[in-house]
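Heads up, the thing below is written out as structure tokens.
In what follows, chains are A, B, ... by sequence order, proteins preceding strands, each numbered from 1. Predicted, not measured: the structure shown is a model, and the values here were computed from it.
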Amino acid sequence: MMIEDVFEPLFLSMGFIRAILERTFMQRALMTGVLIGFLAPLIGSFVVIKRLSMIADTLSHFTLAGLSIGLFFINILALPIGDPLYIGMIFAVTGALLIEALRNYYQNYKEISMPIVISLGTALSALFISLSGGFTSTVYNYLFGSILTVSQQFIYIITATTIIVIVLIAVFYKKIVIVSFDESYARLLGINVNVFQFFTTIILGLVIALAIETVGVLLVSSLMIIPVAAAMKVGRSFKNTLLIAILFSEASVLLGLWLSYVVGIPSGATIVLFNISILLLVVIIKKLFSIQQTLKKDSSENEKTKPI
Amino acid sequence: MRIKVDNLSFGYDYRTVLKNISFTLESGEFLVLVGNNGSGKSTLVKCLLGINRVPSNRIYIDDIEIHQYRQWINIGYVPQKFDDFNYEFPITVNEILTVSRLSKIDEEARLSLLDKIGILELQNENINSLSGGQLQRVFIARALMNNPKLLILDEPTVGVDSDSISEFYRLINNLNAEGVSIILITHDVKASKANFTKKLRMENGRLTETLDNEVTS
Ligand SMILES: Nc1ncnc2c1ncn2[C@@H]1O[C@H](COP(=O)(O)OP(=O)(O)O)[C@@H](O)[C@H]1O
Ligand SMILES: [Mg+2]
């Protein structure tokens with residue numbers, strides 16, 4: 001191995017830091033990554049508690065339909081709607097409400113709502129992607145993310161969303177936690193669960209639409225669910241688990257951005273692979289830990305039963 | 001808290017489960033509700049709690065028709081099963097109790113409640129590491145967080161060891177002595193340890209026995 005081989009990643013890493021200091025697109029990417037890295041697991045935790053993990057995937061597919069229709073409006077009909085993202089956001093929220101409605105309609109088969117909405121979303125996407133010019137680089141970016149090309153406008157939207165989410169959670173913390181953990185008890189306390197559900201669903205839709213910009217439609221759910229899946233195995237309390245999930249998520253975002261810049265690979269996929277690596281590490285370390293504990297217990301028991 | 005039930009019938013879908021139920025419960029009373037599995041005990045308390053939608057003018061809480069009643073926070077409820085609760089996600093005893101208290105709680109009052117229920121040393125434990133008896137006590141504590149005037153307990157002693165059961169009866173007798181009305185569903189033989197004032201027996205959706213107990217204590 002040449003000495004340069006060792007130093008090359010180091011030079012590239014310094015290049016990464018210099019790029020963040022000097023290049024606006026890198027600053028925006030970092031800002032987006034950090035904000036989504038915060039929002040996704042925060043919202044994702046409540047999704048996981050309510051056993052709705054599939055909802056993220058469903059909504060991201062439905063959002064893609066909105067993005068494709070937006071593309072169709074702009075590319076083919078030449079409507080001045082600005083960014084397809086707006087239609088995507090409308091679809092995300094509509095999809096979320098549609099899922100709620102279907103969940104109420106099929107009381108005993110609530111999960112049926114997911115494949116119905118996912119199919120509708122995917123079918124509409126396929127239709128409008130083809131109508132608006134086929135598989136272009138824009139469509140590729142929707143599928144796999146385009147964190148390096150986010151606009152200043154997007155930064156404003158996502159900053160505002162983050163602030164709104166933080167304020168809402170701070171103000172309604174108790175009620176949100178009760179409704180998530182035990183809906184029927186929340187009703188008994190006189191909390192209007194339906195109104196609550198409505199607003200959380202809208203927020204969920206918005207965050208998913210925004211997260212698509214970072215890692216793309218196909219990887220959004222992993223951003224929301226995987227850090228939480230890892231954190232819930234090590235968290236010592238509810239707040240502690242939220243904090244760990246956010247730390248895992250931010251670590252993945254930063255490492256993912258860095259590695260993708262240094263090696264020149266897609267950032268969305270790299271971030272998600274870091275997330276999964278953390279999950280694997282957590283599982284392995286927990287397993288080793290519990291094996292060690294059983295061994296300790298066994299040996300201490302053996303000592304007790306040893307004849308003198 | 002005063003409860004009046006007047007000729008209540010209730011059913012799920014097409015099957016009538018409760019038939020012509022009438023009784024009253026005065027403030028501070030301790031009601032024990034017994035009867036075979038499936039006789040309709042849980043269904044009845046769910047009607048009182050507004051979980052089951054009942055016809056108008058059948059149930060009055062503190063003389064208010066149930067559909068007009070808003071002060072649900074005054075009723076504490078320990079359900080028969082905790083299936084509705086999501087266990088696997090980490091949350092500590094303290095966190096559950098804190099969010100269940102909707103208004104501010106005074107730290108001293110909180111600690112004395114935990115102490116009274118015997119879960120003081122469990123407060124930082126994760127809910128998914130508790131035994132059945134411990135969990136039971138946490139849910140009783142949750143029901144008491146908002147200082148209810150009526151506490152409804154649906155078979156709270158099932159699966160709880162006998163020491164904890166004696167402890168449990170001492171606890172609810174004390175609560176009742178402090179003025180909290182109690183409705184206890186049980187077919188526990190140790191229910192004799194309860195200082196109840198009234199006992200109702202349900203059979204097949206009907207009340208078949210009403211016993212007013214003169215407490216001698
Ligand atoms: N949610 C429900 N939907 C339909 N039937 C129910 C429901 N809950 C209870 N039942 C039926 O009502 C009857 C009374 O049940 P329940 O009130 O739970 O009795 P108990 O508490 O005395 O054991 C039973 O036959 C039970 O199967
Ligand atoms: Mg029952």
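Using a 4.5 Å cut-off between heavy atoms, A:Ser237 touches chain B through backbone and side chain atoms alike. For A:Ser180, the part sitting under 4.5 Å from any heavy atom of chain B is the backbone (N, CA, C, O) and nothing else. The contact between B:Asn146 and chain A is made entirely by side chain atoms (from C-beta outward), counting heavy-atom distances below 4.5 Å. With a threshold of 4.5 angstrom between heavy atoms, A:Val234 does not approach chain B through any atom at all. Looking at B:Ile51, the atoms closer than 4.5 Å to chain A (heavy atoms on both sides) all sit in the side chain, from C-beta outward.
Between chain B and the options A:Lys174, A:Lys175, A:Lys50, the largest number of non-hydrogen pairs under 4.5 Å is found for A:Lys174. Ranked by heavy-atom pairs under 4.5 Å with chain A, the first of B:Arg101, B:Arg142, B:Arg70, B:Glu88 is B:Arg142.
Side-chain N/O atoms of B:Ser42 and B:Asp154 include a donor and acceptor closer than 3.5 Å. Residues B:Glu155 and B:Thr186 bring no donor and acceptor atom of their side chains to less than 3.5 Å of each other.
Put simply, the side chain of A:Lys110 never gets that close to the backbone of A:Asn104: no donor and acceptor are under 3.5 Å apart.
In summary, B:Glu178 and B:Lys116 engage in a salt bridge, as defined by a charged side-chain N under 4.0 Å from a carboxylate O.
Aromatic ring centroids of B:Tyr12 and B:Phe10 lie under 6.0 Å apart. Ring centroid separation for the pair A:Phe181 and A:Phe238 comes in under the 6.0 Å cut-off.
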